[in-house]
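Numbers restart at 1 for each chain; the letters A, B, ... are given by sequence-line order, proteins then strands.
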Amino acid sequence: MKIASWNVNSLNVRLPHVERWCAEAMPDILALQETKLEDAKFPVAALEAAGYHSVYSGQKTYNGVAILARTPISEVEHGIAGFDDPQRRILAATVGDLRIVNLYVVNGQAVGSEKYAYKLDWLAKVGAFLAEEIRRHPRLVVMGDFNIAPDDRDVHDPAAWHEQILCSTPERDALRRVLDIGLVDSFRLFNQDGGHYSWWDYRQGAFRRNLGLRIDLVLASEALRAHCRAASIEREPRTWERASDHTPVVLELEDGR
DNA sequence: ATGGTTGTGAAACAA
């Protein structure tokens with residue numbers, strides 16, 4: 001069972017990349033962020049032809065999340081009940097015996113900005129939502145673009161990024177509170193090294209020089225911890241022509257019961 | 001060098 005997350009930065013532009021990567025990597029479940037597509041324009045038929053069911057929550061120009069799966073998808077939740085947020089960043093669904101939550105966490109722009117305050121408030125609300133999700137669905141995977149580098153190993157230049165956006169202590173504390181619900185950063189179950197990133201700025205040849213951050217995460221609930229078999233960051237799609245600035249991150253789970 | 005690149009959508013804005 002291969003589970004993956006990928007910020008595609010426009011599914012309109014990246015659909016050929018998604019089709020290609022799915023054909024090569026054959027993920028069973030794929031969470032997409034920044035689809036930037038209204039629901040009416042979601043490429044359901046193309047993804048069905050590629051072998052995937054899809055559910056999605058999108059909007060024009062910004063944000064947008066989707067969950068693709070090779071088996072049927074049920075119990076879809078769009079956003080958080082009681083949090084009337086026009087930004088489409090949260091999608092939850094059940095695939096087989098797994099509960100999947102796909103998050104496109106607020107970027108926050110700059111520490112101290114209005115968007116930064118929104119990010120921290122958003123993370124607190126999401127934390128409360130996830131506490132309920134894990135209670136109802138112990139076999140929970142929470143994945144997406146977290147827009148937070150968990151610690152300095154996940155940052156190419158920790159001094160330059162010190163207390164900057166994506167790396168500040170309040171953001172890392174907010175992520176810690178999410179993990180404390182009973183989730184583990186699956187990549188760190190298998191690799192303790194720095195230098196492994198999931199996002200590289202488009203500018204100044206950052207990918208070629210591996211100047212990146214690891215901000216795309218697949219979190220597994222404690223109930224799934226013993227079933228995690230491998231985790232990886234798939235750098236190849238970032239080398240393709242007209243690539244997203246993010247690359248897919250993968251968790252392999254022991255096959256279901 | 002307060003730069004640089006990409007996506008959306010037609011000028012900024014977001015990342």
Side-chain angles (χ1 to χ4, degrees), chain A residues 5-21 31-43 46-47 56-66 79 85-91 102-123 126 143-150 154-168 170-172 174-175 197-217 233-249:
Chain A
S5 174
W6 192 4
N7 180 325
V8 292
N9 185 20
S10 168
L11 185 55
N12 228 4
V13 173
R14 238 64 72 182
L15 179 61
H17 289 209
V18 170
E19 290 170 325
R20 177 178 170 186
W21 188 69
L32 301 176
Q33 303 86 37
E34 282 206 89
T35 56
K36 301 185 178 179
L37 282 178
E38 294 171 288
D39 290 348
K41 297 189 174 170
F42 196 86
L47 292 167
Y56 36 86
S57 179
Q59 66 188 93
K60 218 171 139 160
T61 311
Y62 303 113
N63 309 311
V65 283
D85 189 351
Q87 301 190 19
R88 299 293 187 247
R89 298 177 173 277
I90 304 171
L91 188 60
N102 180 12
L103 299 180
Y104 174 46
V105 175
V106 176
N107 175 286
Q109 194 169 59
V111 173
S113 69
E114 224 168 87
K115 286 173 184 168
Y116 182 75
Y118 170 68
K119 180 179 196 173
L120 295 178
D121 178 63
W122 189 93
L123 284 163
V126 167
M143 58 183 158
D145 176 358
F146 281 74
N147 269 317
I148 301 171
D154 305 309
V155 181
H156 68 90
D157 186 345
W161 284 85
H162 180 70
E163 295 300 339
Q164 299 300 302
I165 194 66
L166 315 184
C167 299
S168 74
E171 290 167 272
R172 287 176 170 173
L175 175 60
Y197 310 126
S198 65
W199 168 83
W200 301 260
D201 199 287
Y202 280 123
R203 295 168 282 192
Q204 299 179 315
F207 178 68
R208 180 178 49 78
R209 300 155 67 200
N210 197 29
L211 307 180
L213 302 178
R214 191 175 69 91
I215 55 177
D216 299 272
L217 309 175
I233 300 174
E234 299 299 316
R235 293 172 54 99
E236 199 211 313
R238 188 64 177 77
T239 69
W240 295 345
E241 193 170 345
R242 214 179 178 192
S244 169
D245 45 352
H246 297 251
T247 209
V249 295

- Expressed in whole Å, how much space separates the C1' atoms belonging to B:dG7 and B:dT2? 23 Å
- Quantified in whole Å, what is the C1' atom distance between nucleotide B:dA10 and nucleotide B:dA14? 16 Å
- Note on the structure: Rounded to whole Å, the CH2-P distance (A:Trp240 to B:dT6) equals 18 Å
- Message: Nearest whole Å is fine: how far is B:dG4 P from A:Leu211 CG?
- Response: 17 Å
- Query: When the C1' atoms of B:dA11 and B:dT6 are considered, how many whole Å apart are they?
  - Reply: 16 Å
- C1' atom, B:dA15 versus B:dG4: distance in rounded Å? 13 Å
- Query: Between A:Arg235 and A:Thr247, is there a donor-acceptor pair closer than 3.5 Å when you use the side chain of the first and the backbone of the second?
  - Reply: no
- Heavy atoms from other residues, nucleotides or ligands near CD of A:Glu114 exceed 12 (cutoff 6.0 Å): no
- Sorted by chain and number, sequence neighbours left out, side chain to side chain contact (heavy atoms under 4.5 Å, CB included) with A:Ser10 holds for A:Asn12, A:Val13, A:Lys36
- Under 4.0 Å protein heavy-atom contact, by nucleotide of nucleotides 8-15 of chain B - B base, S sugar-phosphate only: SS----SS
- Is the distance between the ring centroids of A:Trp6 and A:Trp21 under 6.0 Å? yes
- Is the shortest side-chain N to carboxylate O distance from A:Glu34 to A:Arg14 below 4.0 Å? no
- Message: In whole Å, measure the gap between the P atoms of B:dC13 and B:dG3 for me.
- Response: 15 Å
- Message: Under a 3.5 Å threshold, yes or no: a donor from one side chain and an acceptor from the other, between A:Arg88 and A:Asn63?
- Response: no
